[in-house]
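Reviewing the structure listed below.
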Amino acid sequence: MTLDNREKFIYLAGQYNQLVKFYNVEELCADKLAEINESFPEGVAVFTIGTMYRLLIPQILPQDIDKVIYLDSDIIVDLDLNELWKIEFGDKPLAAVTEMSNGINSEQAFSSCRAGYVNGEDYF
């Protein structure tokens, strides 16, 4: 993200009394990213870098943060996120909506499913 775009994003968030923080995942998780690259030599052909980043959220964020809402950049939100925030997960570490429940054939759409790394029914 360019500095100009960051400043625009910070300004927009400020208009709604919100704070935006940016984390450099490549610096903060260099060891984990190297480990992932070794485990999956196919690299981004199987998993996008965005997939890897979201899996590293617990390592990136401060320990005192106990809940996160992660939304892909292509998600349009037209409701109050507070409703989503109030959902309790019990002892589960995360909740997700599978791609199949969105009408997407994951087995055909995602290389990680085609390669057998992830069951298409479970892909989110």
Side-chain angles (χ1 to χ4, degrees):
M1 177 181 281
T2 67
L3 181 58
D4 183 50
N5 283 340
R6 281 184 187 214
E7 289 173 357
K8 289 176 184 175
F9 200 56
I10 291 168
Y11 174 79
L12 177 64
Q15 296 300 301
Y16 294 93
N17 296 319
Q18 300 300 309
L19 174 67
V20 177
K21 289 185 123 183
F22 295 93
Y23 295 90
N24 186 325
V25 179
E26 290 178 0
E27 286 180 13
L28 294 171
C29 300
D31 57 333
K32 288 289 184 187
L33 291 171
E35 185 180 319
I36 290 166
N37 283 331
E38 286 179 28
S39 299
F40 299 99
E42 302 90 351
V44 294
V46 176
F47 295 103
T48 67
I49 197 68
T51 300
M52 296 303 138
Y53 283 11
R54 76 183 86 168
L55 295 175
L56 296 171
I57 289 172
Q59 183 174 338
I60 297 166
L61 296 179
Q63 293 286 336
D64 61 336
I65 295 178
D66 60 358
K67 194 171 191 178
V68 172
I69 295 177
Y70 173 88
L71 302 170
D72 279 339
S73 61
D74 61 350
I75 299 292
I76 297 172
V77 178
D78 68 348
L79 56 90
D80 184 350
L81 284 177
N82 197 36
E83 295 297 316
L84 187 58
W85 188 258
K86 290 178 182 177
I87 296 174
E88 292 296 329
F89 303 150
D91 63 346
K92 306 294 186 225
L94 65 90
V97 177
T98 63
E99 292 292 346
M100 290 189 81
S101 63
N102 289 324
I104 295 172
N105 183 334
S106 300
E107 296 291 345
Q108 293 177 353
F110 303 105
S111 59
S112 55
C113 295
R114 290 191 304 273
Y117 288 113
V118 180
N119 180 338
E121 293 178 7
D122 298 329
Y123 189 89
F124 62 91

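Numbering of residues begins at 1 and proceeds along the displayed sequence.
With sequence neighbours excluded, the residues that form a side chain to side chain contact (heavy atoms under 4.5 Å, CB included) with A96 are L94, F124. Contacts of E88 classified as side-chain hydrogen bond (donor to acceptor under 3.5 Å, both in side chains), with partners at least two apart in sequence or in another chain: none. When the side chain to side chain contact (heavy atoms under 4.5 Å, CB included) test is applied to Q59, the partners found at least two apart in sequence or on another chain are C29, D31, K32, L56. With sequence neighbours excluded, no residue forms a side-chain hydrogen bond (donor to acceptor under 3.5 Å, both in side chains) with N82. In this structure, the side-chain hydrogen bond (donor to acceptor under 3.5 Å, both in side chains) partners of E26, at least two apart in sequence or on a different chain, are Y53. The side-chain hydrogen bond (donor to acceptor under 3.5 Å, both in side chains) search around D4 returns K8, not counting sequence neighbours.
Residue pairs satisfying the side-chain hydrogen bond (donor to acceptor under 3.5 Å, both in side chains) criterion with at least one member in residues 10-19, sequence neighbours excluded, are listed as follows: Y11-Q15.
Proximity of a side-chain donor or acceptor of D80 to a complementary backbone N or O of E83 within less than 3.5 Å is not detected.
Contact of the L71 side chain with the L81 side chain is registered, since non-hydrogen atoms from C-beta on lie closer than 4.5 Å.
By the 4.5 Å side-chain criterion applied to Ile, Leu, Val, Met, Phe, Trp and Tyr, F22 is assigned to a cluster that also includes M1, F9, I10, V20.
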Pairs under 3.5 angstrom only: tabulate donor-acceptor contacts from the side chains of residues 60-67 to other protein residues two or more places apart or in another chain.
residue : atom : partner : partner atom : Å
K67     : NZ   : W85     : O            : 2.3
K67     : NZ   : I87     : O            : 3.1

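No path of Ile, Leu, Val, Met, Phe, Trp and Tyr side chains, each step under 4.5 Å between heavy atoms, connects V68 with V77, placing them in separate hydrophobic clusters.
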